[in-house]
Participant: 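Sharing a structure with you now.
As a basis for the values below, the full set of heavy atoms in this structure was taken, side chains included, without hydrogen atoms, waters or symmetry mates. Every number for a ligand or one of its atoms is a count from 1 in the order of the listing.
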Amino acid sequence: MEETLKILVVDDDEVDRMAVRRALAKAGVSMELFEVSNANDAVSALRNTVYDCVFLDYRLPDDDGLNLIQKLRSSEIKVPLVVLTAQGDEEIAVALMKAGATDYLSKSRVSSATLAQILRNAIRVHRAEMQAALANQQLRESHEQLIRKNQELERQRQQIQLQNLKLLEASRLKSQFLATMSHELRTPMNAIIGFSQILLRPKFAQLTHQQTDMVERILNNGKHLLMLLNEVLDFSKLEAGRLELKSELFDLTKIINTIVAEMRSLAEAKKLSLLVQINLENPLLFNDPVRMRQILVNLLSNAIKFTESGSIWIEVKEISGNRVAIAVRDTGIGIAPKDFKHIFEAFRQVDQSITRKYPGTGLGLAIIDSLVGMMGGKIFLESQLGAGSMFKIEIPRQVSPQNAAEINAFHWDGDGIVCSAQNPHQSSKASIGHPHLKH
Ligand code: ADP
């Protein structure tokens, strides 16, 4: 043992103390040895100094070894304790060990070899115990830390859950507000439109040229407002999953020709040519004609709105899988690839500024996207900035409830084309989990 050990010998018998001292010295133990002769002095010595080992006589004048050990252990003094027992005390060895003695030795067996051996063992055992206690303490601490972290995580989880609930509630209230407001505003708007139309009937009112012009403006603005309100109402219905397709058999060619006839004047006002090419062997579709019309009017009015010169084409044809493809192509301002995904999100426009050139709610494509999804169709977009865009929808000829379950998910394929991919995980309600409807 290389280090110098601090050793305390507690014994009232001077001769016995000397025997221990000599035996340890003979064994070559490098040590500082201290001696006390009673239990009281032992306690105060151990309170003031840290010893590497204590040799303790079992029979002391003021106390016995068992009591002393219990006192020391309960006062948290941690030191290897070797009890030196007299002849006949061996039977109490078990009690001593239980009370916290590290080892015991009969005084009759004290020799340099046994003492040195016992000293080494006691110190080794004690150090191992200390290490184990330290590791235990560290384990306890990290366990407590884990518990605290878990509690903190749980608290955060509950907070997030609460915030989620609040957000959901706020979103529900917002949708409800949008639905109620747009619904309520439609009634007076219909009255404004209706009465303006009556006023414009030549036999009903004798209006001056200027008055007619003003009423026409009221009528046109009223119609525009009604269209915006309808968009908001549709969107809130889609969001709430309350919009259902009312399928029936209709002639797609007729619908397209009617829309083109209605919108031709808008194109002509901007000097745009509007070309229609319908290649259908069978023009009949089983779908919701009102929603189909809404999709086409939206695509066509966007094409006209975002094109300053050139042409707009509508191309319709049958494709494999008993489906129909309708493409609306323009030579307008085009869309940058980075905006491809976003323009299908509700309220998103390429130009989000207040001073933007082109008016609109930013809901059109979000609604189209949801409707096409409900129909089990796909939307494709090809566009080049400054050159033009092509929005193409592919829908089944016959819309069935299964179709409605297949809702679009768009991805950028790196070639200027965004195409929808069917996502089997989507619900049949257009609003739920839909990639483009931000709630
Ligand atoms: P809105 O037309 O009311 O702004 P939409 O949802 O219909 O909303 O369209 C979203 C955005 O997509 C538009 O604001 C525009 O930036 C872009 N966009 C749509 N169609 C075209 C098109 N044919 N050419 C260029 N940009 C378009």
Participant: With a 4.5 Å limit on heavy-atom distance, are the side chains of Val82 and Val54 in contact?
Facilitator: no

Participant: Run the numbers for me: atoms of ligand 1, each under 4.0 Å from some heavy atom of Phe391, listed by number.
Facilitator: 20 (N), 21 (C), 22 (C), 23 (N)

Participant: Pick one of side chain, backbone, both or neither for how Ile335 approaches ligand 1, counting any non-hydrogen atom pair under 4.0 Å.
Facilitator: side chain

Participant: Would you give the length of the straight line joining atom CG of Leu285 to atom CE of Met292, rounded to the nearest 0.5 angstrom?
Facilitator: 6.5 Å

Participant: Find out whether Leu8 and Val79 are in side-chain contact, i.e. whether some heavy atom of one side chain is under 4.5 Å from a heavy atom of the other.
Facilitator: no

Participant: Does this structure show an ion pair linking Lys270 with Glu268, if we count only N-O contacts that are shorter than 4.0 Å?
Facilitator: no

Participant: What do you reckon, does Glu231 have a nitrogen or oxygen under 3.5 Å from a nitrogen or oxygen of ligand 1?
Facilitator: no

Participant: May I ask whether Ser389 has any heavy atom positioned less than 4.0 angstrom from an atom of ligand 1?
Facilitator: yes

Participant: Are any of the side-chain heavy atoms of Leu381 and Phe344 separated by less than 4.5 Å?
Facilitator: yes

Participant: Among Thr331, Leu228, Asp330, which one has a heavy atom closest to atom 23 (N) of ligand 1?
Facilitator: Asp330

Participant: Below 3.5 angstrom, do we get any N/O pair linking Phe306 and ligand 1?
Facilitator: no

Participant: Any atoms of ligand 1 less than 4.0 Å from a non-hydrogen atom of Gly362? List them with their elements.
Facilitator: 1 (P), 3 (O), 4 (O), 6 (O), 8 (O)

Participant: Indicate the atoms forming the closest heavy-atom contact of Ser389 with Ser383, along with that distance.
Facilitator: OG-OG, 2.9 Å

Participant: With a cut-off of 4.0 Å, which atoms of ligand 1 are near a heavy atom of Lys305?
Facilitator: 1 (P), 2 (O), 3 (O)

